[in-house]
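Inspection log for the structure reproduced underneath, given as structure tokens.
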Amino acid sequence: MNLADDSELKFTSREVTAWGGLALLKRLLDGPTLFNQTPLYRQRAAGPGFFSQAETTLKHLHSSIEIRERLGTGFNGDVTLHPHLRAAFRRASALAYFNLAYYLQAHGQPRAALHAWLDSQRCSPNLRRCKFPLRVAMGVFKHQAAAHKSS
């Protein structure tokens, strides 16, 4: 990271990682800022493609949650956040937890998926996400029915 002056921060392409911009975000939170939830880049994982390993995807999901929670708490009280911004970070954390829950459910971990969904609802309750436990239960019942048929 090169500091040109107090008001301008420049990053090289090698420094743009999930944790690389955390100091920049902390500095930006001292004044007016914009929170953009769209993914701007993907970090290259080992192997032929982006996020090619399941463990890497899971690590990125957990890292995303941790970053959003730290931003939402104002870096453990170091930065005073506007209430609207704090609410936006809470909603972003809830969405990250829900993404984790969806991933876990799709990869055959229904109990962990339900825990992640509960964390999502604790962060920011959302009625549209309330049908997720039913989806998990249906998946468990289908799996048990298929196991019962094969025995």
Side-chain angles (χ1 to χ4, degrees), residues 1 7-144 146:
M1 180 171 65
S7 63
E8 185 178 350
L9 289 175
K10 295 182 180 179
F11 286 89
T12 65
S13 61
R14 287 185 294 186
E15 294 170 308
V16 180
T17 64
W19 288 103
L22 201 54
L24 172 66
L25 290 173
K26 183 176 180 179
R27 187 167 175 193
L28 288 174
L29 288 175
D30 288 332
T33 185
L34 172 71
F35 182 59
N36 184 3
Q37 292 188 20
T38 57
L40 302 176
Y41 65 92
R42 291 187 176 202
Q43 185 174 342
R44 186 88 169 150
F50 293 98
F51 298 105
S52 60
Q53 300 173 350
E55 309 87 45
T56 306
T57 301
L58 198 55
K59 286 179 187 177
H60 283 277
L61 288 168
H62 284 292
S63 179
S64 174
I65 290 168
E66 185 178 349
I67 289 170
R68 291 170 188 208
E69 285 184 340
R70 287 184 68 188
L71 289 170
T73 60
F75 300 93
N76 298 324
D78 293 345
V79 177
T80 304
L81 295 177
H82 189 276
H84 295 296
L85 189 56
R86 187 177 303 276
F89 284 129
R90 240 188 345 265
R91 286 190 305 274
S93 293
L95 182 60
Y97 271 116
F98 186 73
N99 290 340
L100 174 64
Y102 194 86
Y103 176 84
L104 291 170
Q105 188 270 336
H107 287 84
Q109 300 179 35
R111 182 171 288 166
L114 287 175
H115 285 288
W117 175 80
L118 282 171
D119 289 336
S120 169
Q121 292 297 93
R122 281 188 203 117
C123 287
S124 179
N126 185 313
L127 288 176
R128 285 187 279 170
R129 291 192 295 254
C130 284
K131 60 186 175 183
F132 182 77
L134 296 175
R135 178 188 174 114
V136 172
M138 291 298 293
V140 170
F141 290 136
K142 284 181 184 178
H143 180 69
Q144 288 177 350

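Keep in mind it's a predicted model, so treat the numbers as computed, not measured.
When all heavy atoms of C130 and P133 are compared, the pair lying nearest together is O-CD, 3.2 Å. Shown here for C123 and A94, the closest heavy-atom pair between the two residues is CB-CB, 3.8 Å.
Atom OH of Y103 and atom CG of L61 lie 7.0 Å apart (nearest 0.5 Å). Note that the CG atom of L100 and the OG atom of S64 stand 9.5 Å from one another [nearest 0.5 Å].
The aromatic rings of Y102 and F98 lie tilted to each other, with the angle between the two planes from 30° to 60°.
Side-chain atoms of L114 and L104, non-hydrogen and from C-beta on, never get closer than 4.5 Å to each other.
Enclosure of atom CG in L127 is not indicated, since only 12 or fewer non-hydrogen atoms of other residues, nucleotides or ligands lie within 6.0 angstrom.
Put simply, the side chain of R68 gets close to the backbone of A92: a donor and an acceptor are under 3.5 Å apart. A donor-acceptor contact shorter than 3.5 Å links the side chain of S93 to the backbone of F89.
Screening residues 124-136 for salt bridge (Lys or Arg N to Asp or Glu O under 4.0 Å) gives no qualifying pairs among residues at least two apart or on separate chains.
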Practice prompt. Determine, step by step, whether Q105 and F132 satisfy the side-chain contact (heavy atoms from CB on, under 4.5 Å) criterion, reporting the C-alpha distance in whole Å, the side-chain angles of both residues, the deciding distance to 0.1 Å, and the verdict.
Written response: CA-CA 10 Å; Q105 188 270 336; F132 182 77; 3.7 Å; yes

